[in-house]
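For the numbers below, each heavy atom of this structure counts, side chains included, while hydrogens, waters and symmetry mates do not. Both counts, for ligands and for their atoms, begin at 1 and track the order of listing. This structure is a prediction, so every number in the text was calculated from the model and none was measured.
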Amino acid sequence: MTLNVGVIGTGNIGADHVRRLASQVSGAGVTAVFDIATERAAEIAEGVGAVAHGSWTALVDDLDVEAIVIASPGPLHAEQVLACIEAGKPVLCEKPLATTGEDSIKVMEAEVAFGRRLVQVGFMRRYDRAYRVVKGAIDDASIGEPLLAHMVHRNASVPHTFTSAMVMTDSVIHEIDTARWLFDQEVVATTVVAGRPSPQAVAGVRDPQLVLFELADGVVVDVEVFLNCQYGYDVRCEVVGSMGTVSMDNPSTNSLRRNGQRIESVPADWRVRFNTAYLDELQDWVDGLATGVVRGPSAWDGYAAAVVANCAVHALAEGARTKVTLVDRPSLYA
Ligand code: ISE
């Protein structure tokens, strides 16, 4: 059985997903794509024998499309996910699920009214093997009781369209989800400090920043986010427990020893670093759908992350610790 997938958005990440679904994921194929960059969409469609639609609504309505991947710009996600739910089609939506808590609630309400899960949010770090080792050490108590976590999220650079809010809603949202998933706890408060900006920071963007997340059970997570570090993509995580620590360094691909030096390479960007995680995520999504189940990160996870990200934006603007308030979790997401 082959799952016929339609992909909305064929920018970098969308084009990667088309390629993976068409040639690497078993049990799936790409039958339709859409992008406002019509020439690029047509070229990508032709490469995999798919149809390029003239609008994303036509793709959702296409009777040949059984499941949808959304990789369009974040502000469009909520409306597109709602249309997928209305059509009764499973949807894997890249993060963020929505840019506001209110829009995420609309998605949850629609899914709850539908009666079963259709939505998965693309928090691909949950599928990364190195992060899974960290989670394993927390879950089996090899490091005792978890107390603290230190995280680093550095990008070589980000586009000039990046804003201070996107530091949270586009980048740190991964650490928010990672923290919630690793510790199985909600974030209850956040504090953000931005000091001296890098001369390479996008104009007007506070970069780097230090972010603090307090979790419901008292675990505290600090995140250094630096989106124009220039040298490569560097994502790290160390969890400190009462009996030991577990850490995940940036997995380096090669190291060169020469002239009394050891030089290690750093991935260029997240597409390189998380390539296997994306593949595992898609394979798990397709395998789950073959048995009628959506089991990856849920609309609730997307909602909670969006609310925390917006609290962090507020915390920076106000220079104050900001408490996070979530609605009650619907039983669909228990
Ligand atoms: C980008 O959208 C991602 O999702 C990457 O994983 C993240 O590292 C980057 O900062 C975001 O802009």
Side-chain angles (χ1 to χ4, degrees), residues 7-17 20 35 69-78 92-99 120-131 151-182 192 194 197-198 200-202 204-211 213 221 223-237 248-251 266-282 296-297 301-302 305-306 308-310 312-313 316:
V7 178
I8 301 177
T10 53
N12 287 341
I13 180 77
D16 284 352
H17 284 331
R20 290 185 191 103
D35 198 289
V69 169
I70 296 178
S72 55
L76 304 176
H77 288 181
L92 171 54
C93 178
E94 271 304 324
K95 55 86 211 171
L97 172 64
T99 49
Q120 175 163 331
V121 181
F123 286 127
M124 78 300 182
R125 289 189 184 183
R126 295 188 184 203
Y127 294 89
D128 181 68
R129 293 164 196 190
Y131 270 115
M151 300 187 185
V152 170
H153 186 155
R154 297 188 191 139
N155 288 196
S157 63
V158 285
H160 273 79
T161 47
F162 227 78
T163 63
S164 282
M166 284 170 75
V167 174
M168 299 302 164
T169 59
D170 205 62
S171 298
V172 176
I173 198 157
H174 283 297
E175 274 72 22
I176 296 170
D177 183 66
T178 302
R180 296 182 58 255
W181 167 69
L182 283 179
V192 183
S198 158
Q200 274 81 37
V202 173
V205 174
R206 309 293 299 273
D207 183 38
Q209 299 183 20
L210 284 178
V211 190
F213 294 118
V221 177
V223 183
E224 176 212 299
V225 55
F226 184 13
L227 298 180
N228 278 279
C229 79
Q230 306 297 308
Y231 67 83
Y233 189 65
D234 202 352
V235 166
R236 300 182 220 160
C237 169
M248 184 205 79
D249 277 340
N250 203 358
V266 176
D269 60 22
W270 39 275
R271 291 169 68 198
V272 177
R273 166 64 183 84
F274 288 111
N275 182 40
T276 308
Y278 281 120
L279 185 58
D280 290 350
E281 169 191 57
L282 285 171
D301 296 313
V308 175
N310 283 306
V313 173
L316 176 64

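- The atoms of ligand 1 that sit less than 4.0 Å from any heavy atom of S171 are 9 (C), 10 (O), 11 (C), 12 (O).
- Between Y131 and F274, the two ring planes are parallel [angle under 30°; tilted spans 30° to 60°].
- Rounding to the nearest 0.5 Å places CG of D249 at 8.5 Å from CG of D234.
- Close contacts between ligand 1 and H174 involve ligand atoms 3 (C), 4 (O), 5 (C), 6 (O) [criterion: under 4.0 Å to a heavy atom].
- When the heavy-atom distances from atom 11 (C) of ligand 1 to L227, V172, D170 are ranked, the shortest goes to D170.
- Partners of Q120 under the side chain to side chain donor-acceptor pair (under 3.5 Å) rule, at least two apart in sequence or in another chain, are Y127.
- Under a 4.0 Å N-O distance rule, the pair E175/R125 qualifies as a salt bridge.
- A heavy-atom separation below 4.0 Å is not found between E94 and ligand 1.
- Of the protein's heavy atoms, N155 OD1, 3.1 Å lies nearest to atom 9 (C) of ligand 1.
- Remark: P73 pairs with P75, L76 by the side chain to side chain contact (heavy atoms under 4.5 Å, CB included) rule, at least two apart or across chains.
- For atom 7 (C) of ligand 1, the closest heavy atom belonging to the protein is H153 NE2, 3.4 Å.
- Every atom of ligand 1 is numbered from 1 in the order shown, and the set under 4.0 Å from a heavy atom of K95 is 1 (C), 2 (O), 3 (C), 4 (O).
- With 3.5 Å as the limit, one finds no donor-acceptor pair spanning the side chains of R271 and Y233.
- For V158, the closest heavy-atom approach to ligand 1 does not fall below 4.0 Å.
- Within the structure, the closest approach of M166 to ligand 1 does not fall below 4.0 Å when heavy atoms are considered.
- Using a 4.0 Å cutoff on heavy atoms, Y233 counts as a contact of ligand 1.
- Residues A179 and V221 come closest through the heavy atom pair CB-CG2, 4.1 Å.
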